[in-house]
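Heavy-atom basis, side chains included; hydrogens, waters and symmetry copies ignored.
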Amino acid sequence: MDANTTSGSSARAERKQREKAKIIQREKQRQTVKTVSRLLQKAEEDRALLQEHQDTVQGLSRRQSRRSLLKRKQEEVFDDAESLKAKVKQLAEALQQAKHVVIYTGAGISTAASIPDYRGPNGVWTQLQKGRSVSASDLSRAEPTLTHMCIWMLHKVKMVQHVVSQNCDGLHLRSGLPRHALSELHGNMFIEVYTIVHFGERGTLEQPLNWKGAAETAQRADLILCLGSSLKVLKKYSCLWCMNRPANKRPKLYIVNLQWTPKDNLATLKMHGKCDAVMGLLMEELGLGIPVYNRSQDPIFSLAKPLSPQEQKSHTREEIAPPAALEDASPDTQAQGEATAVQGGWFGRGYAKARRKKNTV
């Protein structure tokens, strides 16, 4: 009797549980129907609103597409090791066959020297656009990178005839690259001249800007290698690209950059890799050694003019100290170095010539 009663109670409980589950399920279905109905009604209203404001919809759609495209262009892409090595081999073969090679350099070749670039993921413009502060870096503490030293060697062995740089960090000259083989289109932070260039104007000094040298070598070039430049500024200098020639007469273009550039579709070859990595592979492929930067031979120390006693307390940054070998140099040697700086230095000839022209006018 007790067992039967227990069994009957258990069966009733199970039936009640099943009925309760059914009721809950029906309630969920009713709620789902109500929600979907409400959304459909809202969707109808939204479609009517969108239909009424087609111009706004198209404008927002175009804006969203531009944002997506810009985001894709800012993404860094890396070639895998085998692909990069194969591309560098093609570049090496092209360099060996070329007769007049020009290298265009941008901020990307100096990031290994702890100098931030502009449009990279951590670049100056990128950070500012995100509302973030940009930390200050002392460019005087930077030293030429592996890429700078490779470029110096390629020029030394006459595989590269000229370098056109957007950088103002002075690292090309500090690596030992001769002044006549360099055009610093945006100037050099270590060169002080009494000349004002207003916004939108082009500088007239032959050195360090050397626009004439850049334009002339671009006309003679049969190969242009772009290293670490977004090319968003360089592309505007038509004299550097020989666009007045037929397409088959223009120099072959090779680009090393992790991001998209506006010249990618014109490039013979695009290498997605860091500049130091690509240049290291290139030197290995060419069988050339990579020279080591020698601080004691850095012209920033042999040609710089020391501060006068009155100027010693006029600055807040730490003064650039020459190596011990230069500090121990005799007064005669130092005087000789100063004389060299006055006669030519990094910009003396061009500066003097520009002054003569100005005085004549």
Side-chain angles (χ1 to χ4, degrees), residues 103 105-117 135-157 160 163 165-184 186-193 207-208 210 227-228 274-280 282-284 288-308 311-312 314-348:
I103 294 181
T105 64
I109 74 165
S110 296
T111 53
S114 299
I115 299 175
D117 58 12
S135 58
S137 57
D138 190 346
L139 270 64
S140 64
R141 290 182 172 274
E143 294 182 351
T145 66
L146 180 144
T147 296
H148 289 95
M149 301 312 298
C150 290
I151 292 173
W152 175 83
M153 176 56 79
L154 290 173
H155 177 267
K156 182 181 179 182
V157 300
V160 169
V163 177
S165 179
Q166 296 171 261
N167 301 337
C168 60
D169 51 34
L171 293 181
H172 278 303
L173 285 169
R174 295 182 63 188
S175 73
L177 189 69
R179 180 180 60 184
H180 65 80
L182 176 67
S183 296
E184 295 175 293
H186 297 163
N188 186 310
M189 65 170 288
F190 294 102
I191 297 176
E192 180 178 323
V193 293
Q207 297 292 346
N210 194 10
L227 295 173
K274 292 190 175 181
C275 293
D276 280 3
V278 171
M279 294 304 287
L282 177 63
M283 300 300 275
E284 182 180 343
L288 297 174
I290 302 174
V292 179
Y293 164 69
N294 189 338
R295 190 174 174 83
S296 65
Q297 296 179 3
D298 192 326
I300 195 175
F301 303 113
S302 60
L303 300 178
K305 182 178 180 180
L307 295 176
S308 65
E311 295 173 318
Q312 290 295 334
S314 65
H315 60 90
T316 56
R317 288 189 176 182
E318 183 178 347
E319 190 172 348
I320 304 174
L326 291 179
E327 287 183 332
D328 296 338
S330 64
D332 292 340
T333 304
Q334 292 179 356
Q336 184 179 359
E338 290 180 11
T340 303
V342 172
Q343 292 173 4
W346 286 355
F347 68 94

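Summarising the geometry of I109 relative to C275, their closest heavy-atom pair is CG2-SG, 3.9 Å, with the distance given to 0.1 Å. The two residues M283 and G289 come nearest to each other via the heavy atoms CE-O, 3.5 Å. Scanning all heavy atoms of the two residues, the minimum distance from L173 to R179 falls at CD2-CA, 3.8 Å. S110 and L171 make their closest contact through OG-CD1, 3.9 Å (heavy atoms, listed as atom of the first residue, atom of the second, distance).
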Throw together a table of side-chain donor-acceptor distances under 3.5 angstrom for residues 147-154, partners on residues two or more places apart or in other chains.
{"unit_1": "T147", "atom_1": "OG1", "unit_2": "D276", "atom_2": "N", "d": "3.3"}
{"unit_1": "T147", "atom_1": "OG1", "unit_2": "D276", "atom_2": "OD1", "d": "2.5"}
{"unit_1": "H148", "atom_1": "ND1", "unit_2": "T145", "atom_2": "N", "d": "3.1"}
{"unit_1": "H148", "atom_1": "ND1", "unit_2": "T145", "atom_2": "OG1", "d": "2.8"}
{"unit_1": "W152", "atom_1": "NE1", "unit_2": "G176", "atom_2": "O", "d": "3.2"}

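Between the CG atom in D298 and the CD atom in E143 there is a gap of 8.0 Å [rounded to 0.5 Å]. Atom CG of N188 sits about 10.5 Å away from atom CG of N167, to the nearest 0.5 Å. Separation of atoms NZ (K274) and CG (L146) is listed at 13.0 Å; rounding is to 0.5 Å.
Every residue two or more places apart in sequence or in another chain that forms a side chain to side chain contact (heavy atoms under 4.5 Å, CB included) with S308 is listed here: Q310, E311. Remark: H186 engages Y237 in a side-chain hydrogen bond (donor to acceptor under 3.5 Å, both in side chains) (not counting sequence neighbours).
Looking only at distances, a side-chain donor or acceptor of R174 sits under 3.5 Å from a matching main-chain atom of A142.
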Worked check of side-chain contact (heavy atoms from CB on, under 4.5 Å) between H155 and V163: CA-CA 9 Å; H155 177 267; V163 177; 6.0 Å; no
